[in-house]
Amino acid sequence: MTDNKQLKGIQDRTTVNRRESFEVEYLHQKYPWLSHQTVKEAVDKYGPNRNKVEAQLGRLTSTHN
């Protein structure tokens with residue numbers, strides 16, 4: 001079944017699908033100093049939970065500054 005991009009529910013806001021380029025791009029824009037590959041690796045390592053992934057990317061950010 002094709003994902004309807006017009007229907008955005010709670011699950012779409014709380015998870016990250018690394019196979020969807022626009023979701024990886026969103027996180028990359030939020031953390032532009034991290035590569036797309038780093039974002040994908042974070043999703044692989046910490047799972048699809050957006051809060052967990054962003055927390056880990058935030059930790060990488062604190063080492064960047």
Drop me the distance from [X]'s [atom1] to [Y]'s [atom2], to the nearest 0.5 angstrom.
{"X": "His36", "Y": "Leu27", "atom1": "NE2", "atom2": "CG", "answer": "9.5 Å"}
{"X": "Trp33", "Y": "His28", "atom1": "CH2", "atom2": "NE2", "answer": "10.5 Å"}
{"X": "Arg50", "Y": "Leu57", "atom1": "CZ", "atom2": "CG", "answer": "10.5 Å"}
{"X": "Asn49", "Y": "Glu54", "atom1": "CG", "atom2": "CD", "answer": "9.5 Å"}

Review point. Who pairs with Ser21 by side-chain hydrogen bond (donor to acceptor under 3.5 Å, both in side chains), at least two apart in sequence or on another chain?
Key: none
**Study point:** Partners passing side-chain hydrogen bond (donor to acceptor under 3.5 Å, both in side chains) against Lys52 (at least two apart in sequence or in another chain)
**Key:** none
Revision key, fill the gap. Side chain to side chain contact (heavy atoms under 4.5 Å, CB included) test vs Val43 passes for just one of Asn17, Val16, Val24, namely Val16
Check your understanding: For residues 31-45, which residue pairs qualify under salt bridge (Lys or Arg N to Asp or Glu O under 4.0 Å), counting only residues two or more places apart or in two chains?
Key -> Arg18-Asp44
Check your understanding: What closest approach, in Å, do Thr38 and Leu60 show between heavy atoms, and which atom pair accounts for it?
Key -> CG2-CD1, 3.9 Å
